[in-house]
Amino acid sequence: MFGFRYFTPTKVVFGKDTEYQVADLIREFGGTKVLIHYGGGSVIRSGLLARVTKVLDDAGIAYVTLGGAVPNPHLTLVYEGIELCRKEGVDFLLAVGGGSAIDSAKAMGYGLANEGDVWDFYDYKRKAKGSVPLGVILTIAATGSEMSDSSVITKEEGLVKRGYSSDYGRPKFAILNPELTMTLPDYQTACGCTDIMMHTMERYFTNGGNMEITDAMAEGLLRTVKEQAKILAKDPNNYEARAEVMWAGSLAHNGLTGCGNDGGDWMTHKLEHELGGLYDVAHGAGLAAIWGSWARYVYQNCLPRFKRFAINVMGVADEGSDEEIALRGIEAVEDFYREIKMPTNLRELGVKATEEDLVLMAHKCAVGVGGEMGSARKLREEDMLEIYRMSR
Ligand code: NZQ
Ligand code: ZN
């Protein structure tokens, strides 16, 4: 077990109708002029944006709005938002939407509070020294960005998708109303559940510092999301299931399920980020498409964890060799993905990758991680390429 820092400053307000508390929360954290940032328009169609602006109008809080954050959010919109906020004297950011709107707002926060080009942070050239305070009204349970320190932005030039993590980016508050996720397409709900599980699995499959209390929480979270995802695939308006998944999404990526270990593996995410950058696929679906290949490539180097996962999370019988049990666990995950209509390879993801594409992604991925990365097994460029090939 390793020592750790656990920092989760986000005030969570959870339950039905909680979006009506947004003005009080903005005031509590000192906001006087707000940028409301959202995505492609689902919050307009659902009526949420109109409800939020009415609450701010009634409270006398000034605001401007900026929509347009796309999945795999773009750097140019971040620049646009920074300019708008400077012009309007914005001192508080409110993201209304999913990971894309939240991450885009986080990047604006860094850009506003620091000199120079905000991309420098995503290009690992320097570290942010502050951020503008951010609040969130979440509409999709998935990335955990509502409590996490990370944000992921795509630079259109060269299609470079990069993450930057800083405690300054952690939202001041997160309004979590599970009912807001009921307008999601089934595909996005399933993508979200996959991403939530992956955030915990990335921290679980490690070769360093595992801790029983963390494992127990991680396994409980994984079993819960797996079962609730199956319920939502059949009954999308089930409030209890929506609520379980929403809270799991925040806990899966606020650091809780990684306490005591070596920080996690994270290679499935890194491999997916290249897919997202190049083919613009939904993040959760990209993870599902790559995970099985990653798992088969690395499981022998992390066998005790794969065996434990198979038995404790996927319900595989403790019979046969460790290797057989581990492989049955991987198959069970893929069966689960199929059950919730997630892809298990690139073809099912709808991606027709050429060998040149795979070589390019493996190269960009290796550069992005600084040569090699992974805890279940350290991967270098040639390993990454092999996993992409296996996933075709
Ligand atoms: O853009 P709108 O119109 O809102 O539509 C979105 C989008 O098309 C739609 N949607 C969201 N809530 C909805 C809804 N449609 C109907 N009803 C609702 N209630 O769903 C689609 C996906 O939204 P998006 O915000 O892109 O999804 P997600 O939350 O999965 O975010 C994905 C992005 O976050 C990054 C991903 O790489 C990707 O760029 N990640 C961020 C992380 C973080 N900051 O901690 C960690 C993750 O691992 C991830 O990498
Ligand atoms: Zn993710």
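When a ligand or atom number is given, it counts from 1 through the structure's own listing order.
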Hey, which atoms in ligand 1 end up nearer than 4.0 Å to a heavy atom of [X]?
X	result
Gly41	3 (O)
His253	45 (O), 46 (C)
Gly39	1 (O)
Pro73	39 (O)
Asn72	38 (C), 39 (O)
Ala142	29 (O), 30 (O)
Ser151	44 (N)
Ser148	43 (C), 44 (N), 45 (O)

Of the protein's non-hydrogen atoms, which lies at the shortest distance from [atom], and what is that distance?
atom	result
atom 17 (N) of ligand 1	Thr183 OG1, 2.8 Å
atom 49 (C) of ligand 1	His283 NE2, 3.3 Å
atom 13 (C) of ligand 1	Leu184 CD2, 3.3 Å
atom 37 (O) of ligand 1	Lys161 NZ, 2.8 Å
atom 50 (O) of ligand 1	His273 NE2, 3.0 Å
atom 22 (C) of ligand 1	Gln188 OE1, 3.4 Å
atom 4 (O) of ligand 1	Ser42 OG, 2.7 Å
atom 41 (C) of ligand 1	Asp103 OD2, 3.0 Å

| query | Would Arg377 and Asp265 count as a salt bridge (charged side-chain N to carboxylate O under 4.0 Å, His left out) if you check the C-alpha gap in whole Å, the side-chain angles of each, and the deciding distance to 0.1 Å? | reply | CA-CA 8 Å; Arg377 174 173 171 179; Asp265 185 86; over 6 Å; no
| query | Under the ring pair (Phe, Tyr, Trp, His ring centres under 6.0 Å) criterion, do Tyr168 and Tyr110 qualify, and how do the steps go? | reply | CA-CA 8 Å; Tyr168 293 120; Tyr110 296 133; 7.8 Å; no
| task | Check whether any side-chain N or O of Glu348 sits under 3.5 Å from a backbone N or O of Thr344 as a donor-acceptor pair, and report yes or no. | result | yes
| Check: Asn261 main-chain N/O paired with Asn210 side-chain donor or acceptor under 3.5 Å |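 Such a contact is absent between Asn210 side chain and Asn261 backbone.
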Nearest candidate to [atom], where distance is taken over non-hydrogen atoms, out of [options]:
atom	options	answer
atom 42 (C) of ligand 1	Leu287, Val96, Thr143, Leu138	Thr143
atom 27 (O) of ligand 1	Leu180, Ile196, Val152, Ile140	Ile140
atom 29 (O) of ligand 1	Gly99, Gly97, Ala95	Gly99
atom 32 (C) of ligand 1	Gly163, Pro71, Ser100, Ser145	Ser100

For residues [X] and [Y], is any side-chain donor paired with an opposing acceptor at under 3.5 Å?
X	Y	answer
Ser293	Arg389	no
Asp149	Ser166	no
Asp383	Tyr297	yes
Asp123	Tyr164	no

Given that the side chain starts at C-beta and the backbone is N, CA, C, O, which of these parts of [X] lies under 4.0 Å from ligand 1, counting heavy atoms, or is it both or neither?
X	result
Met198	neither
His199	side chain
His269	side chain

Backbone or side-chain N or O of [X] under 3.5 Å from ligand 1 N or O:
X	value
Ala101	no
Thr181	no
Gly144	no

| task | Kindly give the heavy-atom pair with the smallest separation between Val132 and Ala113, and that separation in Å. | result |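 Between these two residues, the closest heavy atoms are N-CB, 4.1 Å.
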| request: Let me see the working for Glu146 and Lys172 under salt bridge (charged side-chain N to carboxylate O under 4.0 Å, His left out), right down to the final yes or no. | output: CA-CA 9 Å; Glu146 66 276 11; Lys172 299 290 179 203; over 6 Å; no
| His283 near the Zn ion (ligand 2): N/O/S under 2.8 Å | yes
| said: Let me check your reading of the structure: within less than 2.8 Å of the Zn ion (ligand 2), is there an N/O/S atom from Asp195? | reply: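 Coordinating: yes.
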| request: Answer whether the closest heavy-atom distance between the side chains of Val78 and Ile153 falls below 4.5 Å. | output: yes
| Do Arg296 and Met390 come close enough that some side-chain heavy atom pair is under 4.5 Å? | yes
| field | Identified side chain to side chain contact (heavy atoms under 4.5 Å, CB included) partner of Val22 from the options Val55, Ile61, Val13, Val96 | value |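 When Val55, Ile61, Val13, Val96 are each tested with Val22, the side chain to side chain contact (heavy atoms under 4.5 Å, CB included) holds only for Val55.
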| Between His253 and Trp266, what is the ring plane arrangement, given parallel below 30°, perpendicular above 60°, and tilted in between? |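 Tilted: the ring planes of His253 and Trp266 meet at 30° to 60°.
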| message | With a 6.0 Å cut-off (strictly less than), is the heavy-atom count around CD of Glu83, excluding the residue itself, greater than 12? | response |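 Atom CD in Glu83 is not crowded, with 12 or fewer foreign heavy atoms closer than 6.0 Å.
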| message | Protein non-hydrogen atoms only, distance under 4.0 Å: does atom 6 (C) of ligand 1 have such a neighbour? | response |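 Answer no: nothing from the protein, no heavy atom, is under 4.0 Å.
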| message | Walk me through whether Thr8 and Asn254 qualify under side-chain hydrogen bond (donor to acceptor under 3.5 Å, both in side chains). | response | CA-CA 7 Å; Thr8 50; Asn254 73 0; 5.0 Å; no
| Within 45° cone and under 6.0 Å: Arg170 NZ/CZ vs Phe7 ring |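 No - Arg170 does not lie over the ring of Phe7 by the 6.0 Å and 45° rule.
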